[in-house]
Amino acid sequence: MSHAFLDQVAHFAKGRVAAEAAAWSIGAAPEPALYHEAAALGLLGIEVPEEMGGRGFGFAIRAAALEVLAGADFGFAMSLVNTHNIALRLCEVGQDAAAQYLPDLLSGRMHACTALTEPGTGSDFAAIRTTARQVAAGWELEGEKAWIINGRQAGLSIVYAQCAEVGDSSGIAAFLVDLNAPGVTRYAIDSAFSQTSLGTGGFYLSGVKLPHEAMLAAPGTAFKAILQEINAARTYVAAMCNGMVQAALDSAAAYGAERCSFGKPLNAIPRWQTEFEAAQAALMQARRATEQAVEKVAQGADAQLAAAEAKISSVSCAQAQLPRLLQLMGAEGLRPGHPFTRHIAAAQMAGFTDGATNILKDRVARLTARKES
Ligand SMILES: Cc1cc2nc3c(=O)[nH]c(=O)nc-3n(C[C@H](O)[C@H](O)[C@H](O)COP(=O)(O)OP(=O)(O)OC[C@H]3O[C@@H](n4cnc5c(N)ncnc54)[C@H](O)[C@@H]3O)c2cc1C
């Protein structure tokens, strides 16, 4: 059954997403109908239990589906999985929130996001300045979140806020926030790297009032919990980078067989072939690290080291191999109909999401030293 699902995802990625994505890299945004099609396939509920309206698959299928989707467009895949993650979290926290929001999330009518980053802090998560103040009816939130996937259009967010003094990681809690509530103002963040399919944006929270039950993770638990959850995200981002390199290899292979230069196909030129094979070998190596991390996350084992290593390996592979493969395409590779330029931009963004590469390199060094001592 999971094979049939992945075949459907591949068909959707190639037939629908890739075809539309060319326009997203030059400013257009995905049509709502495409999210509804993705929802109908079950992409917004891959790991959501069947009795809650999802597909009930495990993490390995989530990673595999995202790899295929990212081969068509990283941003669209990221947008879907960020909504998926909130749906999954609601199933874990309780019936009321799940009953209220799951139908909209799973059908693609509502986008959702996870908001940690702020204009003043990213890697140093403990330094967030968004505050949650206890009031008689519950909580009041004040602050700003930035660089959030789906931030420009999401209707729902899990927002991390400080309940104690700034810098006290044990004071951070997680809240479920309706982004259509009074006091919330959303905005889009655009950059030269087109981000329309990622939906990147931010929002201001000005005296946003929440009931007591909006607190999903209490101070003392939220900081630790997000550091655990992020291992899954690092692992599927690794798989998505592999998917982008695979798509670029496929495009280059097809072009190399048909384009002639100096009287022979490109792929008959030794230098061209050597470069192509080097990219293939680099991907194979990155995949090995991803497979190990997927296995650990799927088993519920400690995946901190494996996930960090996989993300570093696959992001670095994509950042190095995508430009190399574009070079093999000549000028033709720059056309929006090919995935090279948007995948190169996405690989740079992947180097920031869910833990910046330099931070992860230090984390791996620390964890490895601890393991060896
Ligand atoms: C496209 C995109 C989507 C995103 N989506 C989300 C989202 O959905 N939700 C969310 O909450 N956030 C999101 N982010 C934010 C992302 O998590 C941050 O960009 C990331 O945490 C890095 O923070 P920063 O950009 O503030 O960089 P900084 O923390 O300012 O770091 C700048 C550079 O210095 C390096 N650096 C900083 N401190 C250290 C250190 N101690 N040791 C070694 N190197 C260091 C970093 O590695 C980085 O290279 C997104 C970002 C992007 C670009």
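Atoms within each ligand, like the ligands themselves, are counted from 1 in listed order. All values reported here derive from a predicted model rather than from experimental measurement. Side-chain atoms are counted along with the backbone in the values below, which use heavy atoms only and exclude waters and symmetry mates.
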Walk me through it: do Gln285 and Ser313 pass the test side chain to side chain donor-acceptor pair (under 3.5 Å)? CA-CA 8 Å; Gln285 198 178 345; Ser313 170; over 6 Å; no

Does Tyr204 form a ring-ring contact (aromatic ring centres under 6.0 Å, His included) with Tyr187? I'd like the steps, not just the answer. CA-CA 8 Å; Tyr204 300 101; Tyr187 58 87; 5.2 Å; yes

Determine whether Asp250 and Gln246 satisfy the following criterion, side chain to side chain donor-acceptor pair (under 3.5 Å), listing intermediate values before the conclusion. CA-CA 6 Å; Asp250 293 346; Gln246 185 63 61; 3.0 Å; yes

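Within the 3.5 Å criterion, the main-chain N or O of Trp139 finds no donor-acceptor partner in the side chain of Lys209.
Closest protein heavy atom to atom 8 (O) of ligand 1: Ile149 N, 3.0 Å. Nearest protein neighbour of atom 19 (O) of ligand 1, counting heavy atoms only, is Phe352 CB, 3.8 Å. The closest protein non-hydrogen atom to atom 36 (N) of ligand 1 is Ile359 CD1, 4.1 Å. For atom 44 (N) of ligand 1, the nearest non-hydrogen atom of the protein is Asn358 CB, 3.7 Å. With respect to atom 24 (P) of ligand 1, the closest heavy atom belonging to the protein is Gly122 CA, 4.0 Å.
With respect to the salt-bridge test (charged N to carboxylate O, under 4.0 angstrom), the residues Glu332 and Arg259 do not qualify. Ion pairing between a basic and an acidic side chain is recognised when a charged N comes within 4.0 Å of a carboxylate O; Asp104 and Arg109 show such pairing. Salt bridge status for Glu142 with Arg133: absent, with no side-chain N to carboxylate O gap under 4.0 Å. Salt bridge Arg271/Glu275: present, at least one basic N to carboxylate O contact under 4.0 Å.
There is a protein heavy atom closer than 4.0 angstrom to atom 40 (C) of ligand 1. Within a 4.0 Å radius of atom 17 (O) of ligand 1, the protein contributes one or more non-hydrogen atoms. For atom 33 (C) of ligand 1, the protein comes within 4.0 Å by no heavy atom at all.
The residue from Glu118, Lys145, Met349, Met78 that puts a heavy atom closest to atom 1 (C) of ligand 1 is Met349.
Less than 6.0 angstrom separates the ring centroid of Phe76 from the ring centroid of Trp24.
Residue Ser123 places at least one N or O, backbone or side chain, under 3.5 Å from an N or O of ligand 1. For ligand 1, the polar-atom distance check against Trp147 finds a nitrogen or oxygen pair separated by under 3.5 Å. Residue Thr114 places at least one N or O, backbone or side chain, under 3.5 Å from an N or O of ligand 1. By the 3.5 Å distance cut-off applied to N or O atoms, Ala115 is not counted among the residues near ligand 1.
For ligand 1, the atoms closer than 4.0 angstrom to any heavy atom of Leu116 are 10 (C), 11 (O). For ligand 1, the atoms lying closer than 4.0 Å to a non-hydrogen atom of Asp362 are 42 (N), 43 (C). For ligand 1 and Thr117, the ligand atoms under 4.0 Å from any heavy atom of the residue are 10 (C), 11 (O), 12 (N), 13 (C), 14 (N), 15 (C), 16 (C), 17 (O). Close approach to Ala356 involves these atoms of ligand 1, each under 4.0 Å from a residue heavy atom: 46 (C), 47 (O). Within ligand 1, counting atoms from 1 as listed, the ones closer than 4.0 Å to a heavy atom of Thr353 are 2 (C), 3 (C), 4 (C).
Residue-level proximity to ligand 1 for Leu198 is carried by the side chain, the only part with a heavy atom below 4.0 angstrom.
Summarising the local packing, CD of Glu92 is surrounded by more than 12 heavy atoms from other residues, nucleotides or ligands at distances under 6.0 Å.
Ring geometry for Phe59 against Tyr236 counts as tilted: the plane angle lies between 30° and 60°, on a 0 to 90° scale.
Looking at heavy atoms from C-beta onward, Leu334 lies out of side-chain contact with Phe340 at the 4.5 angstrom threshold.
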